[in-house]
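Take a look at the structure below.
Along the sequence shown, residues are numbered consecutively beginning with 1. These numbers come from a predicted model, not from an experiment. FYI, side chains are in, hydrogens and waters are out, and symmetry mates aren't considered; it's all heavy atoms of this structure.
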Amino acid sequence: MSRYARKAGREGARGLVDNAVKRCPDDGHVRVRAMSCGAVTISDQGPGIPAADLPYVFDRFHRSPVARSLPGSGLGLAIVRQVAETYGGSVAAEPLEQGLRMRFSVPVLV
């Protein structure tokens with residue numbers, strides 16, 4: 001595996017962690033779990049993403065009405081998806097009862 005692939009994988013996961021930290025309340029938690037299969041899950045206790053926005057959350061410049069008052073351009077998750085797909089992986093968002101879980105998988109990280 002090239003050093004560029006490793007760096008891209010780290011940057012993709014870091015983007016999801018940064019996003020979770022920004023959205024999580026001060027008294028909330030962000031949980032990061034790395035698995036031997038090359039996947040990383042990041043769970044937070046933030047406001048989550050409305051179900052209607054889930055299909056578009058990884059699209060460039062998409063901003064949920066809930067997130068429009070928060071800092072950001074709507075590019076972060078699109079970049080994470082591009083990194084994952086470039087290296088044969090995937091990224092997905094899963095709503096939780098409180099918050100959101102993101103799963104980032106890049107096979108070359110194994």
Side-chain angles (χ1 to χ4, degrees):
M1 166 179 33
S2 77
R3 66 181 175 164
Y4 301 109
R6 282 192 300 272
K7 182 176 184 203
R10 283 192 306 268
E11 291 302 316
R14 182 178 296 140
L16 293 176
V17 171
D18 288 347
N19 204 52
V21 169
K22 280 194 286 188
R23 303 296 188 254
C24 197
D26 291 340
D27 61 345
H29 294 80
V30 173
R31 181 177 183 197
V32 178
R33 183 174 173 217
M35 293 166 270
S36 61
C37 64
V40 178
T41 61
I42 297 97
S43 304
D44 67 55
Q45 295 177 324
I49 297 172
D53 288 314
L54 281 173
Y56 312 105
V57 73
F58 296 103
D59 292 351
R60 287 179 154 202
F61 304 113
H62 178 76
R63 303 272 323 244
S64 164
V66 174
R68 289 186 185 144
S69 64
L70 301 171
S73 63
L75 282 175
L77 293 179
I79 292 168
V80 170
R81 178 179 66 185
Q82 183 177 9
V83 167
E85 290 176 353
T86 296
Y87 292 98
S90 62
V91 64
E94 174 190 351
L96 301 173
E97 189 173 314
Q98 179 184 0
L100 186 71
R101 178 180 298 124
M102 294 285 202
R103 180 180 170 90
F104 178 77
S105 176
V106 180
V108 297
L109 295 178
V110 177

Sequence neighbours excluded, the answer for salt bridge (charged side-chain N to carboxylate O under 4.0 Å, His left out) partners of Glu94 is Arg101
(message) Assess the residue pair Leu77 and Leu16 against the criterion (side-chain contact (heavy atoms from CB on, under 4.5 Å)); give the C-alpha distance rounded to whole Å, side-chain angles, the decisive distance to 0.1 Å, and a yes or no.
(response) CA-CA 7 Å; Leu77 293 179; Leu16 293 176; 3.5 Å; yes
Which donor-acceptor pairs under 3.5 Å do the side chains of residues 28-35 make with protein atoms, sequence neighbours left out?
from  : atom 1 : to    : atom 2 : distance (Å)
His29 : ND1    : Gln45 : OE1    : 3.4

Nearest heavy-atom contact between Ala20 and Ile42 is CB-CG2, 3.7 Å
- prompt: With hydrophobic residues grouped by side-chain heavy-atom distances under 4.5 Å, do Leu96 and Val57 end up in a single group?
  reply: no
On a heavy-atom basis, the closest approach of Leu100 and Ala93 is CD1-CB, 4.2 Å
Between Arg23 and Pro47 the two heavy atoms that sit nearest each other are O-CD, 3.2 Å
Taken in chain and number order and not counting sequence neighbours, the residues that satisfy salt bridge (charged side-chain N to carboxylate O under 4.0 Å, His left out) with Arg81 are Asp59
side-chain hydrogen bond (donor to acceptor under 3.5 Å, both in side chains) filter on Glu11, not counting sequence neighbours, yields Arg14
So CD of Gln98 and SG of Cys24: to nearest 0.5 Å the spacing works out to 8.0 Å
For Ala84 and Val106 the tightest heavy-atom approach is CA-CG2, 4.1 Å
